[in-house]
Amino acid sequence: MNESETCSVKETVEGTVKSVVFHNDANGYTVLHVELPSDFELARGREITIVGKAQAVWEGEDVKATGEWVTDKVHGRQFKADDIVCIAPKSLVGIERYLASGLIKGVGKVLAKRIVDTFGSETLHVLQYQSARLVEVPKLGASKIAKIRESWHANETMRENMIFGQTYGISVAKMTKIVRKYGPDAIAIIKADPYRLCRDIWGIGFATADKIALSTGIPRDSMLRARASISHTLETEAEEGGHCWTYENDLLLHANELTGIPVEILGQALESELAEAHVVAEPADDGTRKIYLRSLYWAEKDTASSILRIISAPTSFRTIDAQSAIDWWERKAGFSLAAEQSLALSRSLSNKFSIITGGPGVGKTTIIRALVDIFGARRLSVVLAAPTGRAAKRMTESVGSPAQTIHRLLKWNPVTNRFSYDSENKLEGDVFIFDETSMIDIRLAKDLLSAIPPQSVVVWVGDTDQLPSVGAGSVLGDMIASGAVAFTRLERIFRQDTSGLIVVNAHHVNAGEPLEIRQGDTDFYFARIEDPEQCVKRAIEFMTTRIPRKFGMDPLEDVQVLTPMRRNILGTENLNYELQKALNPSGDSIVRGGTMFRTGDRVMQLRNNYDKDVYNGDVGFVKSVSADERKLVVLFDGRPVTYDAGDLDELVLAYAMTIHKSQGSEYPAVIVIVHTQHYVMLQRNLLYTAITRGKKLVLLMGVPYAVDKAIETNTVRERRTGLADRLAVAAPRGVL
């Protein structure tokens, strides 16, 4: 063997956990220092290292492990366990260490000793069955006793849950979330319907739920399993393809491939789902049916209704003479708008709902600034917002008026578990201008537009050539395609200088043309690097040394590495591992699922967490780490947010991120890796989106063939949506 010399003789050892050296919440991998009993005959000494898989191990517990001795070339002699069983400690020292290990909140070494001194070997029995006797412990008040009792019994329930989770491959972190959701009856609830986990717990998929279901005796062709596969398949289509609906035949075929359940039974399951309105059917053009998840169906319907309601309602203020307003603003600004800019501004002033689209440097921000000035001069309330924190911050800086994220505009209420502003409680404002609207999916569009007063003016600004929203739908594109909403496409480039190539090359890519590369000082560079490992090394070198030295940029604050994929050597997972070693190699840390989070790390939120007021794509920095309590604090735009062990799966390192995740953000410098390893992902809108993330510097790194392949590939996958049709059917004519 390469790593260790192994004896194949199976043995059993028992001892007391002296310390938990390492524990991975995701897979249970554990390294323990264990003290053997005094009568254990072992020439190597009484303290040994045990490695294996276990859940919820505490210092002071006795363990019984079955396995074999190995000699690791780095760590020396270890006991490699196939099975580790935790047993309540028997010795007084073990019990004392057990209580002080963090098992019971608020009990440290001093109090643990007082409790053991009081009850001796009966300590655990007293805690379990006679906790009222805790009044016998000196200097222990009633409130402290209540907390100890609660924590002890909660831990007992948690241990049962952890053992259950371990059996089915559910990590400690995810099991913690499950218990938080379902309470003390979590195991009973899961066994009754394991497929609830897919719907209720972020990060648990159909495969895990299905494993539990089948192992608890639910038949493979049961109606419960068939119906769950219908919903799961529709969710997968929405998440992975951005589709709002799926053809009935495709749905049944994919569910059959997933489960092996006959199509006839799946058809019956679909009818049951339809009867209970979990899914919705509409006729398709070919005579079959389109099947929606209920939430996506109503999101489309409500979005269309809100748009049409805004378009048809009168404004709350006197009509503005567009040309007079434009003339006024041009005098104020000291320059004249180009013809298409003037047209876009006129349409936004003349229509209740309008769209401005175009690539970088075409003057979208100038028009937003003009709208803010014109409406503001009439003492109208103008609201600015964008989908992400970075986009809102950039909007604030470029326009000169405060902007906020859409989620914070709508204000999530954790008590009601919904936004504070909705169809019943409208936002206040006369004019609403939203930027980076290509990122807005159908669910967010529904929540946002239903909260806007119909008498208000709405302007959507976005770039239809960027990647579509991560969530389901194609809202910006559908609104334009419907013909129901006034829109202007800006194409003339204004934002460029003599040495600048970022904007020029973004438009070259969008037009399917070769990149323009110049020698000497510029804002756009290409580094040809064929070998993937060299690509990683050079990315580290450029981010940590060369870019900061030449351009005076901070590698943590100003430089972002972008890549198409998560996996392989040039994916975000490996790049983040290597970049962390280079930029933040030491400090307090917590390990979760193979990722080490350290104080100072740049991290990104992976999902909308309304309770924490952080959202998918938000980037922050780890302020502090508490390894003992398994908590860390992240600063998002200066606001501290606490994550405990159960929440850490919502964070990833963000030294490198996927191009999809970078949407809506802009960075002083980006390093974009485009390689043949990314072949299946290479397409024009991906490269275009990546280039347009750089504000002052873009370094493209990789293989010329891969870049050419991305530029040539313009077969954007069409999303199955219905918003355009819903708008076109009911839209008033003559909106332009």
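Numbering of residues begins at 1 and proceeds along the displayed sequence.
Ring centroid separation for the pair Phe335 and Trp329 comes in under the 6.0 Å cut-off.
Using modelled atom types and a 3.5 Å distance limit, the side chains of Ser423 and Ser450 yield no donor-acceptor pair. Arg347 and Thr488 are linked by a side-chain donor-acceptor pair at a separation below 3.5 angstrom, with hydrogens and angles left out of the test. In summary, the side chains of Asp523 and Tyr525 do not present any donor paired with an acceptor at a separation below 3.5 Å, with no hydrogens or angles considered. Checked by atom type, the side-chain pair Thr721/Asp478 shows a donor-acceptor distance below 3.5 Å.
Under 4.0 Å is where a charged nitrogen must lie from a carboxylate oxygen, and between Lys550 and Asp521 at least one such pair does. Ionic pairing of Glu340 and Arg492 is not present here: no N-O contact between side-chain nitrogen and carboxylate oxygen is shorter than 4.0 angstrom. No salt bridge links Lys393 with Asp637; every basic N to acidic carboxylate O contact stays at or beyond 4.0 Å. Between Glu424 and Arg418 no salt bridge is recorded (no basic side-chain N to carboxylate O distance below 4.0 Å). Note on Glu436 versus Arg394: salt bridge recorded, some NZ/NE/NH1/NH2 to OD/OE distance being below 4.0 Å.
Panel note: side chain Lys352, backbone Ile310; a donor-acceptor pair is recorded below 3.5 Å. Put simply, the side chain of Ser306 gets close to the backbone of Asp302: a donor and an acceptor are under 3.5 Å apart. In this structure a side-chain-to-backbone donor-acceptor pair under 3.5 Å is present from Thr437 to Val461. A donor-acceptor pair under 3.5 Å is formed between the side chain of Ser420 and the backbone N or O of Lys411. Using modelled atom types, one side-chain atom of Thr689 and one backbone atom of Leu467 make a donor-acceptor pair closer than 3.5 Å. Looking at Asp430, its side chain does come within 3.5 Å of a backbone N or O of Ser381 through a donor-acceptor pair. Side chain of Asp725 to main chain of Gly722: no donor-acceptor pair is present (N/O by atom type, distance under 3.5 Å, no hydrogens or angles). Of the possible polar contacts, one joining the Arg408 side chain to the Asp613 backbone as a donor-acceptor pair under 3.5 Å is found. Looking at Ser482, its side chain does come within 3.5 Å of a backbone N or O of Met479 through a donor-acceptor pair. Of the possible donor and acceptor atoms, none in the side chain of Arg720 sits under 3.5 Å from a partner among the backbone N and O of Thr246.
Proximity of Thr464 to Arg489: side-chain heavy atoms (C-beta onward) are separated by under 4.5 Å at one or more points. Using a 4.5 Å heavy-atom threshold, the side chains of Leu653 and Val603 count as touching. Residues Gln605 and Tyr643 form a side-chain contact, since some pair of their non-hydrogen atoms from C-beta on lies under 4.5 Å apart. Between Leu490 and Ile356 the shortest side-chain heavy-atom distance falls below 4.5 Å. Contact check for Ile671 versus Val559: side-chain heavy atoms found under the 4.5 Å cut-off. In this structure the side chain of Arg390 reaches within 4.5 angstrom of the side chain of Tyr667, judged on heavy atoms. Between Ile367 and Leu337, the closest side-chain pair of non-hydrogen atoms is not below 4.5 Å. Counting only heavy atoms from C-beta outward, the side chains of Leu427 and Phe432 approach each other to under 4.5 Å.
Classified by interplanar angle (parallel below 30°, tilted 30° to 60°, perpendicular above 60°), the ring pair Tyr610/Phe419 is perpendicular.
The structure places CZ of Arg309 at 9.0 Å from CG of Leu449, a figure rounded to the nearest 0.5 Å. The distance from the CD atom of Gln323 to the CG atom of Leu349 is 10.0 Å, given to the nearest 0.5 Å. Taken from CG in Asp554 to CD1 in Ile547, the straight-line distance is 12.0 Å, to the nearest 0.5 Å. Note: Tyr247 OH to Lys290 NZ = 7.5 Å, rounded to the nearest 0.5 Å. With rounding to the nearest 0.5 Å, the separation of OG in Ser665 from CD in Gln560 is 8.5 Å. The NZ atom of Lys446 sits 14.0 Å away from atom CG of Leu723, with the distance rounded to the nearest 0.5 Å.
By the 6.0 Å contact criterion, CG on Asp286 is enclosed, its count of non-hydrogen atoms from other residues, nucleotides or ligands being greater than 12. Remark: Glu513 CD is packed, more than 12 non-hydrogen atoms of other residues, nucleotides or ligands lying under 6.0 Å away.
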